[in-house]
Amino acid sequence: MTARDDARARVDLYAALGQPGSGRVRYAAAMYFNCKGLLSSEALEVYRICSARDGDDPAALMATRGLAPNLPPPPDLNREQALRLLLDEVDRYLATLPGAGIAESRAGLAALRDGPVRPEPRGPDATVRAYLPAALAALTDSHPALATAIEMAEPHLCWRVYDSYPPEQIGTAFNAGHAYTSLIGEGAIAADDFDLGLFLIAPGLLYRDHAHPAPELYAPLTGPHGWRFAPEGPITVKPAHEPVWNEPGQPHLTKVGPVPFLCIYCWTRDVNEPAQIIAATDWDALERQKISA
């Protein structure tokens, strides 16, 4: 049993409530830790009882019985182990979402995920240190397995700033308040015309109207956040876990709500063509606007 096995079981132990088959997944992980002597037989029995209904929360039943898992700290994974585990969990998550772009994104992920993992420098991470913990705390409430996988991979991720926009067009706040990490594409696993990763933006920040030739999936892991799809158009507030698919050349804007914006992004082709800012006259007002929780 390897560190990756331990990490996989830990992630499975927190499989999202209500997902089909998640009760059995949690029970299998509990049996794994019980066999290692890290989970009591009393706690294992709770996971067995809850395995019959995917929406039953073992933690709630354990609390009523005065039990706790008392698991050891997460294992130390090397870079490849952490990234493979995270990609597994990203694919599991995307498989639960409806809508355009999901199939294309998952097909690219399936085709490229087993490529060699290359070394990368850590990169600037002040934005990540400031805002990722709050984003993961919000994600843990609904999708603890994915949050755990991101947390375990984060020390191995290379975060970047998207610097193709002229600063006077995108605004100084955006450059200082966002970061992204490419998991497949320009980042950890090389790909010629596909890019998938995580995107983080500070609370309240405005990502101004822009467009690009690449078709793009946003799978927001936090929310609510504001969106619009035409300059000067109205803002539509969307919750977490409601994917957004932008066709090539489709203008779009994001106004981040009170929780940091964290999403899975995917550009499925034309990834080497840069995004362009589309001017609008209402940016100052949108900068001041607040999105309610």
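Basis for what follows: all heavy atoms, side chains included, without hydrogens, waters or symmetry-related copies.
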Quiz item: Knowing that exactly one of Arg129, Arg122, Arg79 qualifies, which makes a salt bridge (Lys or Arg N to Asp or Glu O under 4.0 Å) with Glu154?
Solution: Arg122
Hey, does the side chain of [X] reach the backbone of [Y] with a donor-acceptor pair shorter than 3.5 angstrom?
X: His178; Y: Tyr162; result: yes
X: Asp193; Y: Val271; result: yes
X: Lys255; Y: Gln289; result: yes
X: Lys238; Y: Pro224; result: no

For [X] and [Y], which heavy atoms make the closest approach, and how far apart are they?
X: Phe199; Y: Ala179; value: CD1-O, 3.5 Å
X: Pro144; Y: Tyr14; value: CG-O, 2.9 Å
X: Pro220; Y: Pro243; value: CD-CA, 4.0 Å
X: Ser105; Y: Thr268; value: OG-CG2, 4.0 Å
X: Glu120; Y: Ser182; value: OE1-O, 4.5 Å
X: Pro133; Y: Val128; value: CD-O, 3.5 Å

Practice problem: Check whether more than 12 heavy atoms from other residues, nucleotides or ligands sit under 6.0 Å from atom CZ of Arg113, and answer yes or no. | Solution: yes
Quiz item: So does Asp192 have more than 12 non-hydrogen atoms from other groups sitting under 6.0 Å from CG?
Solution: no
Report yes if some heavy atom in the side chain of [X] is under 4.5 Å from a heavy atom in the side chain of [Y]; otherwise report no.
X: Trp283; Y: Asp209; value: yes
X: Ile150; Y: Leu139; value: yes
X: Arg208; Y: Glu287; value: yes
X: Pro239; Y: His241; value: no
X: Tyr165; Y: Pro274; value: no
X: Asp163; Y: Asn175; value: no
X: Gln19; Y: Asp54; value: no
X: Phe33; Y: Tyr47; value: no

Check the hydrophobic clustering (I, L, V, M, F, W, Y; side-chain heavy atoms under 4.5 Å; chains of links allowed) and say if [X] and [Y] are grouped together.
X: Phe261; Y: Leu253; result: yes
X: Ile264; Y: Leu85; result: no
X: Leu217; Y: Ile184; result: yes
X: Leu196; Y: Tyr218; result: no
X: Trp245; Y: Tyr207; result: no

Report the distance from atom [atom1] of [X] to atom [atom2] of [Y], rounding to the nearest 0.5 Å.
X: Met31; Y: Leu39; atom1: CE; atom2: CG; value: 11.0 Å
X: Leu94; Y: Glu89; atom1: CG; atom2: CD; value: 10.5 Å
X: Met152; Y: Leu86; atom1: CE; atom2: CG; value: 9.5 Å
X: Trp227; Y: Ile291; atom1: CH2; atom2: CD1; value: 11.5 Å
X: Leu198; Y: Leu221; atom1: CG; atom2: CG; value: 7.5 Å
X: Leu200; Y: Thr127; atom1: CG; atom2: OG1; value: 7.0 Å

Exercise. Inspect the contact between Arg65 and Glu45 and indicate whether a charged nitrogen and a carboxylate oxygen are less than 4.0 angstrom apart.
Key: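 A salt bridge is absent here (no side-chain N lies under 4.0 Å from a carboxylate O).
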Quiz item: What's the verdict on salt bridge (Lys or Arg N to Asp or Glu O under 4.0 Å) for Asp282 and Arg228, showing C-alpha distance, side-chain angles and the deciding distance?
Solution: CA-CA 12 Å; Asp282 58 351; Arg228 77 175 179 191; 2.6 Å; yes
Quiz item: Does the side chain of Ser22 pick up a donor-acceptor pair with the side chain of Arg26 at under 3.5 Å?
Solution: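 Distance-only check passes for Ser22 and Arg26.
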Quiz prompt | Full working for side-chain contact (heavy atoms from CB on, under 4.5 Å) between Asp195 and Tyr265 | solution = CA-CA 8 Å; Asp195 202 81; Tyr265 75 85; 2.5 Å; yes
Practice problem: Please confirm whether Tyr93 and His143 have ring centers closer than 6.0 angstrom. | Solution: yes
Exercise. List in chain and number order the residues that pass side-chain contact (heavy atoms from CB on, under 4.5 Å) with Glu151, two or more places apart in sequence or in another chain; answer none if no residue qualifies.
Key: Leu136
Quiz item: Between Val117 and Arg84, is a side-chain contact (heavy atoms from CB on, under 4.5 Å) present by the stated rule, with each step listed?
Solution: CA-CA 9 Å; Val117 174; Arg84 303 282 189 210; 3.9 Å; yes
Exercise. List the steps, then state whether side-chain contact (heavy atoms from CB on, under 4.5 Å) holds for Thr140 with Thr148.
Key: CA-CA 8 Å; Thr140 296; Thr148 299; over 6 Å; no
Practice problem: Tell me, with the steps shown, if His252 and His212 meet side-chain contact (heavy atoms from CB on, under 4.5 Å). | Solution: CA-CA 10 Å; His252 51 287; His212 37 72; 3.3 Å; yes
